[in-house]
Every structure is written in C-alpha cells, then in structure tokens.
J.: 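Quick one: the structure is below, and I'll ask about it shortly.
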2 protein chains.
Amino acid sequence: MTETSTLPTVDRAGPRQTRPRRLVAELIAGRTGHFTAADLAADAQGRGLPLGRATIFRTLELLLGGGALERIDLPDGSHAYVECAPSHHHHAVCSRCGSVVDFDDAELAAVVRAVARRTGFRIDSHRLELFGLCPACQAGERSAG
Amino acid sequence: MTETSTLPTVDRAGPRQTRPRRLVAELIAGRTGHFTAADLAADAQGRGLPLGRATIFRTLELLLGGGALERIDLPDGSHAYVECAPSHHHHAVCSRCGSVVDFDDAELAAVVRAVARRTGFRIDSHRLELFGLCPACQAGERSAG
DNA sequence: GGGCTACATGAGACTCGGTATCATCACCGC
DNA sequence: GCGGTGATGATACCGAGTCTCATGTAGCCC
C-alpha cells in the first residue's frame with residue numbers, strides 16, 4: 001500500500017459543487033412526481049444542456065446517498081427516483097400522474113413486529129409502496145366520466 | 001382485421017405441457033429461497049439441459065401470470081423470483097441465505113386505510129417486503145460469534 | 001395411429017438501465 | 001493564480017429482459 005502518513009489535501013470537504021451537479025438538481029426541481037435517469041437525460045438534451053449520462057447516474061447516486069432522493073420500484077418492476085425528506089418513510093405513488101406523497105410508518109412498525117414474532121425473522125429493513133390514484137386524478141376521473 | 005368467425009382450434013385448452021416447461025419447473029423446485037432467471041439458466045447449463053434463455057423468461061412469465069411465482073425487489077434494486085401460493089400476501093426475505101417466508105396482510109390493511117384517509121389517495125395495490133435474518137441464520141450468527 | 005395447426009422453442013439480435021474506463025477538465029484550498 | 005484531486009463525459013461494456021423468425025412439437029380431430 002505504501003501510504004504516506006500525511007495526506008496532502010484529502011478529506012477536506014464534502015462533494016464538490018460543480019456545474020453539472022447543479023444542472024441535475026435543477027432538472028429534478030423542475031419535475032413533479034417520479035422520474036427516471038432517462039427522463040433527466042431527455043430533459044437535458046431537450047434544453048440543450050451539456051450533461052453526460054454517466055454524470056446523471058453519478059449525481060443521482062450521490063443524492064441517494066445523501067438521502068435527498070429515494071429510489072422506488074414501480075408495479076411493472078422498473079425503477080424511478082423521487083425527491084424526498086431524508087427521514088425514514090414510505091411512498092404512495094399515483095399510477096396516473098406519477099405524483100408521490102410521503103407518509104411515515106408509525107402503524108407499520110406494529111405490523112413488522114407482529115411478522116417478526118410469527119416468523120422468527122429478525123427484520124432489519126423493510127419497504128412499503130402504495131399505488132393508486134391521487135386526489136386530483138380521482139377528481140379528473142369522476143368529471144371525465 | 002379480416003377475422004374469421006369460426007376459429008378452428010383456438011382456445012381449446014390452457015398452456016401446453018412441454019418438456020422445456022417441465023424442466024424449468026424442476027429447476028425451480030430444486031431451489032430454495034429466491035432466484036433469478038440467470039440462476040435457472042446457469043443451473044440448466046450446469047446440468048447439460050437444453051434450455052433457451054428466452055424460454056426461461058417466457059416460462060417465468062407464465063408462472064407469474066398463474067400466481068405460482070412472484071417477483072420480489074431486493075434492497076439493491078435487483079429482481080428475483082420466489083415460489084409461492086397464489087393468494088395475496090407479502091414476503092420476508094433473509095438477506096443472508098435468501099430464504100423467503102410468506103405472511104398475510106391482515107394488519108397491513110389497517111395501515112393502508114389510514115394512509116388513504118390521511119393522503120386522500122385511493123389505494124389500488126401495494127407492496128410490502130421485509131428484509132432481515134431468518135431463524136436459522138440468526139442461530140448461525142450467534143454460534144459463529 | 002396419423003395429420004394438421006397453432007402454440008412453443010431457441011438462437012441471436014436488440015433494447016434499456018446502469019457501471020467501468022480513462023483522458024481531460026475544473027473546483028477550491030492554499 | 002497554482003496545483004492536486006475529484007468530477008466529467010465519451011464510449012465501451014454488462015446483465016436483465018424482449019423481439020423476431022424459422023423450426024419443432026403438443027395435442028385435438030378423425
């Protein structure tokens with residue numbers, strides 16, 4: 001390994017503030033509901049922004065790691081990303097417009113405990129996702145027939 | 001469309017019983033815990049069985065449709081398949097040995113109702129997956145230190 | 001049992017989300 | 001402003017899954 005004991009400028013700060021990262025953050029802020037990396041790439045191309053695919057994936061990973069973003073699994077098995085608070089919570093996803101709302105899992109904890117007791121499993125993590133129609137899309141459905 | 005009103009031999013029965021499909025069923029039966037399509041392909045190749053990749057995917061899809069199999073999303077975002085009963089239920093997945101146990105969602109229904117009330121969403125479907133250690137792997141962890 | 005036909009197969013090309021590589025660029029602490 | 005290090009992006013690559021199409025075969029009818 002031959003490692004020097006005095007690291008010159010390593011570990012001085014968090015991730016760098018770069019133009020591409022700001023662009024990705026802007027694109028995400030300009031979206032509503034969930035989105036994929038491909039969506040962001042298309043947005044960037046549509047707006048003529050110079051943004052590599054790899055950079056988009058890396059920035060998404062960074063945001064995932066920081067908790068500002070979460071990955072959700074849609075019913076069809078594909079992945080999408082949503083902006084959210086860094087605390088532990090779950091998502092309800094509108095299957096029509098893609099909007100997402102967070103909710104906490106106070107009641108869910110009881111379910112998890114019950115399952116753990118019944119199965120003998122030691123539950124370390126869990127994932128709950130709800131799919132349906134948001135209030136706006138329900139209203140649209142009613143008025144549209 | 002030019003469709004003939006008398007379909008000659010269509011719709012006479014369910015899916016055919018073929019050798020490749022029996023092979024896939026055998027491979028699945030010979031597994032414990034969750035598995036991927038690639039696992040089955042490797043099994044088949046290892047046992048010198050002639051089985052196309054496309055056929056494996058098609059047979060998995062068939063079994064998914066029939067409810068004999070379910071797809072789960074692992075914490076790392078990858079997909080796997082598990083054998084299970086066709087009734088609605090959820091899975092607890094051992095993150096060490098991959099074994100899976102089913103549990104029903106009697107208590108979960110209350111959680112879903114509460115979220116629907118609070119968010120205004122009309123919840124049509126949901127997914128809950130628990131990850132942790134099965135009893136056997138907990139015992140192994142304790143005895144191994 | 002034989003023939004027939006629609007369904008199933010499998011090789012391989014393709015798509016798509018995501019990762020690895022690597023030469024070049026630019027942030028930012030000094 | 002300099003310098004070093006982390007970031008970028010073009011591109012190749014990977015793995016899961018789908019599509020195509022010529023060929024094979026299950027299984028119904030006789």
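Residue numbers begin at 1 in each chain, while the letters A, B, ... track the order of the sequences.
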J.: I want to verify a distance call: between C/dC27, C/dG17, D/dG9, whose nearest atom is closest to the A/A54 side chain?
T.: D/dG9
J.: Taking atom C1' of C/dG17 as reference, at what distance in whole Å does atom CD1 of A/I72 sit?
T.: 16 Å
J.: Measuring from the side chain of A/L51 (C-beta onward, heavy atoms only), which nucleotide among D/dG9, D/dA16, C/dG10 has the closest atom?
T.: D/dG9
J.: Taking the six-membered ring for Trp, are A/H34 and A/H79 ring centroids under 6.0 Å apart?
T.: no
J.: A/L62 or B/F57: which one's nearest nucleotide on DNA chain D is closer to the 5' end?
T.: A/L62
J.: Under 4.0 Å, heavy atoms only, any strand: does A/T18 hit a base, just the sugar-phosphate, or nothing?
T.: sugar-phosphate
J.: Using heavy-atom distances to pick each residue's nearest nucleotide on DNA chain D, tell me which of B/Q17 and B/A38 is more 5'.
T.: B/A38
J.: Check this for me: does any side-chain nitrogen of one of A/E107 and B/R118 sit under 4.0 Å from a carboxylate oxygen of the other?
T.: yes
J.: Which nucleotide in the list C/dG18, C/dT21, C/dA8 gets nearest to the side chain of A/R53?
T.: C/dG18
J.: Would you mind classifying the nucleic acid contact of A/Y81 as base, sugar-phosphate or nothing, using non-hydrogen atoms under 4.0 angstrom?
T.: sugar-phosphate
J.: Rounding to an integer number of Å, can you tell me how far A/D76 CG sits from D/dA16 P?
T.: 18 Å
J.: When only distance counts, do a donor and an acceptor, one from the side chain of A/R16 and one from the base of D/dT5, lie under 3.5 Å apart?
T.: yes
J.: For D/dT8, take OP1 and OP2 only and decide whether either is under 4.0 Å from a side-chain N or O of A/R19.
T.: no
J.: Starting from P on D/dG17, measure out to CG on B/D39 and report it in whole angstrom.
T.: 11 Å
J.: Rounding to a whole Å, what distance do you find between A/F35:CZ and C/dG18:P?
T.: 11 Å
J.: Can you find a pair of side-chain heavy atoms, one from A/P75 and one from A/S95, that are under 4.5 Å apart?
T.: no
J.: Can you tell me whether the side chain of B/R58 and the base of C/dG10 have a donor-acceptor pair closer than 3.5 Å?
T.: yes
J.: Could you check if a side-chain atom of A/F103 sits within less than 4.5 angstrom of a side-chain atom of A/L128, using non-hydrogen atoms only?
T.: yes
J.: Output the rounded distance in Å from CG (A/L60) to C1' (D/dG9).
T.: 15 Å
J.: When you match A/R71 and A/R22 each to their closest nucleotide on DNA chain C, which lands nearer the 5' end?
T.: A/R71
J.: Do NZ/NE/NH1/NH2 and the carboxylate oxygens of A/D124 and A/R122 come within less than 4.0 Å?
T.: yes
J.: Rounding to an integer number of Å, can you tell me how far B/L74 CG sits from C/dG18 P?
T.: 15 Å
J.: Between A/E61 (CD) and D/dG6 (P), how many Å, whole number?
T.: 16 Å
J.: Could you tell me whether the phosphate oxygens of C/dG17, OP1 or OP2, come under 4.0 Å of any side-chain nitrogen or oxygen in A/H79?
T.: no
J.: Grab the NE2-P distance between A/H34 and C/dG17 for me, whole Å please.
T.: 14 Å
